[in-house]
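To start, the structure under review is shown below, and the notes come after it.
Any value given below was found using the heavy atoms of this structure, including those in side chains, with hydrogens, waters and symmetry copies removed.
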Amino acid sequence: MALEKIHRWCKKVAFLGLLSCLLAACSSSPVNQPAELDIDFKDQINFKRIWKKSVGEGDQELKLQLSPILRDDKIYSVDTEGLLSAIDRLSGKTLWSHELDETISSGLAVDRDSLYVVTFSGYLVSLQLENGQENWRSPLSSEATAPPAVNGELVIVQTIDGKVAAFGAQDGKQRWRHDSVVPILSLRGTAKPLVSRKYTVTSFANGELLTLRNDIGLPLWKATLALPKGRTELERLVDSDGQPLLDGDTLYAAAYQGKIFALSALDGQEIWSKEISSFNKLALGFGKLFVTTDKGEIIALDKQSGKELWRNEEFLYRRLGSPVVFDQFVMAADFEGYIHVLSVLDGKVLARKYPDSDGVMGEMIVKGDRLYVYARSGDIVSYQLNPKVKDLRPLGSRFRNRRLFEESSNEYRD
């Protein structure tokens, strides 16, 4: 069964690749070439590699986003072949590993007691936090490429067929399911839901953002991030694969061929919007909202008004991943595996790191003065910022924003 799922997945990818090639061949416009990097560039700040650890076979073919997860001082990771590992984040020492003997389609989620993962055969699996042994498994309507989301009581999974389902964290029983309308074409992947005690917020391939009640699964409010435009299905393609971002009572979300939105988390009313197309998750820090666009730009917006503060266009068409704020820097990885480090102040490029020639898988993790990168070769690489680096931020922002870069979306918090 798992093998059939993988074959079906590969056929989808092959079809979309062929479609892209045909469209490019028929188009009168030249194919956009990735910007070339400056071979004479020299780092202006010092990031030191602390350790590098192999945690499996990685993912060279399916191009999944198997983001690792952080809990206390342990990093948990899983590869596509089902090798589950727990690593001490400071030393890089392997604490334990466990073979699941299944092909995995999503990254991990973690709460106080358990890890959660989705298999290619369409099961949500709960695993013991201390050794990776199975607690329970529940069938899903389809595969999931985004990690589950947890709040200590529920496990929320969004599958590639447009469904969102909630399961009890203790027993794995399905509590509710919400179905959305799936367009003919969509980007490969789904958004990871954002879950609180009472509500689940997630976005869909039809360009909608929805807040659901956790007790019964019914919608509280809905917002439209993008509207289909054009004659062909490709022109009408809209999607939102990035996890929504919550800051106080404000939700930030982005959509491909849509806008960046700041919305009231209470009722979904628009605070501001900006015509920017992105399929990545956003990042916050120092009063700024950071965006990586579908063209490869890195943009800083004022989080209160949406006003553009700076824009870096040095990495056009290098297929940048989601931005991450680390100390006084914002960084993003490109398709070749380079990590570009920019100043949050003005977008100037200050450093470039190359942890792995196979590229970066999933989101980078920030914890204190450490950065953790999961490479597609199957290695996790730990970097530390030189403590002597000069503080480039305005004085007033150095303490006001500290909590933003000490925490990470890939770290479980009660």
Side-chain angles (χ1 to χ4, degrees), residues 34-52 276 278 280-293 295-303 308-357 359-360 363-375 380-410:
E36 294 186 4
L37 299 179
D38 181 3
I39 59 175
D40 297 321
F41 176 82
K42 296 185 183 301
D43 288 356
Q44 299 178 40
I45 55 175
N46 183 24
F47 279 89
K48 180 182 178 182
R49 195 179 85 180
I50 304 301
W51 52 259
K52 184 175 183 178
I276 298 175
S278 175
N280 290 324
K281 182 179 176 180
L282 308 170
L284 275 169
F286 311 103
K288 299 178 177 69
L289 183 70
F290 299 100
V291 186
T292 50
T293 73
K295 294 181 180 179
E297 304 153 304
I298 304 177
I299 303 174
L301 306 174
D302 181 275
K303 74 170 187 176
E308 184 174 320
L309 302 175
W310 55 257
R311 179 185 297 240
N312 186 300
E313 298 180 329
E314 297 179 41
F315 313 113
L316 293 180
Y317 307 109
R318 294 192 64 82
R319 301 201 297 274
L320 298 179
S322 297
V324 174
V325 176
F326 178 34
D327 198 86
Q328 53 191 304
F329 313 105
V330 60
M331 53 187 65
D334 69 21
F335 74 106
E336 288 186 314
Y338 289 99
I339 299 173
H340 307 286
V341 184
L342 285 65
S343 167
V344 297
L345 187 61
D346 55 11
K348 180 182 179 181
V349 182
L350 300 175
R352 181 195 300 159
K353 291 298 167 187
Y354 193 45
D356 192 276
S357 60
V360 173
E363 295 180 22
M364 295 178 282
I365 303 176
V366 172
K367 177 67 173 180
D369 65 347
R370 296 287 186 94
L371 174 73
Y372 302 95
V373 181
Y374 190 12
I380 293 182
V381 185
S382 171
Y383 290 99
Q384 185 176 38
L385 178 65
N386 186 335
K388 295 182 180 180
V389 169
K390 180 181 177 181
D391 199 325
L392 303 175
R393 296 164 290 161
L395 183 62
S397 71
R398 297 181 188 179
F399 306 102
R400 182 172 65 248
N401 298 281
R402 179 170 295 171
R403 188 163 180 255
L404 287 174
F405 63 79
E406 286 182 346
E407 296 182 347
S408 166
S409 62
N410 285 59

Sequence neighbours left out, what passes side chain to side chain donor-acceptor pair (under 3.5 Å) with Arg311? Give chain and number order.
Glu297, Glu308
Within a strict 4.5 Å, meaning less than it, do heavy atoms of the [X] and [Y] side chains meet?
X      : Y      : value
Val341 : Val349 : no
Asp327 : Asp369 : no
Gln44  : Lys348 : yes
Leu301 : Phe290 : no
Leu320 : Ile298 : yes
Tyr354 : Ile339 : no
Lys288 : Trp310 : yes
Tyr338 : Asp356 : no

Determine, stepwise, if the pair Phe286 / Val325 fulfils side-chain contact (heavy atoms from CB on, under 4.5 Å).
CA-CA 9 Å; Phe286 311 103; Val325 176; 3.9 Å; yes
How many angstroms lie between [atom1] in [X] and [atom2] in [Y], if you round to the nearest 0.5 Å?
X      : Y      : atom1 : atom2 : result
Thr292 : Leu282 : OG1   : CG    : 8.0 Å
Phe315 : Leu37  : CZ    : CG    : 7.0 Å
His340 : Met331 : NE2   : CE    : 11.5 Å

Taking atom NZ of Lys295 as the centre, does the number of heavy atoms from other residues, nucleotides or ligands within less than 6.0 Å exceed 12?
no
Looking only at heavy atoms, which two atoms of [X] and [Y] are closest? And how far apart?
X      : Y      : answer
Gly368 : Phe326 : O-CE1, 3.7 Å
Val344 : Val330 : CG1-N, 3.7 Å
Tyr372 : Ser382 : CE2-OG, 3.4 Å
Asn280 : Ser278 : N-OG, 3.2 Å
Ala332 : Pro323 : CB-CA, 4.5 Å
Leu289 : Leu284 : CD1-CD2, 3.8 Å

Check against side-chain contact (heavy atoms from CB on, under 4.5 Å), Phe47 and Gln384
CA-CA 6 Å; Phe47 279 89; Gln384 185 176 38; over 6 Å; no
Stepwise, does the side-chain contact (heavy atoms from CB on, under 4.5 Å) test hold for Trp51 with Ile380?
CA-CA 8 Å; Trp51 52 259; Ile380 293 182; 3.8 Å; yes
Tell me, with the steps shown, if Phe329 and Ile45 meet side-chain contact (heavy atoms from CB on, under 4.5 Å).
CA-CA 11 Å; Phe329 313 105; Ile45 55 175; 3.5 Å; yes
I'd like to know if the side chain of Asp334 reaches the main chain of Arg318, judged simply by a donor and an acceptor atom lying under 3.5 Å from each other, with no hydrogens or angles considered.
no
Tell me, which pairs form a salt bridge (charged side-chain N to carboxylate O under 4.0 Å, His left out) where one or both residues lie in residues 35-47, sequence neighbours left out?
Asp43-Lys353
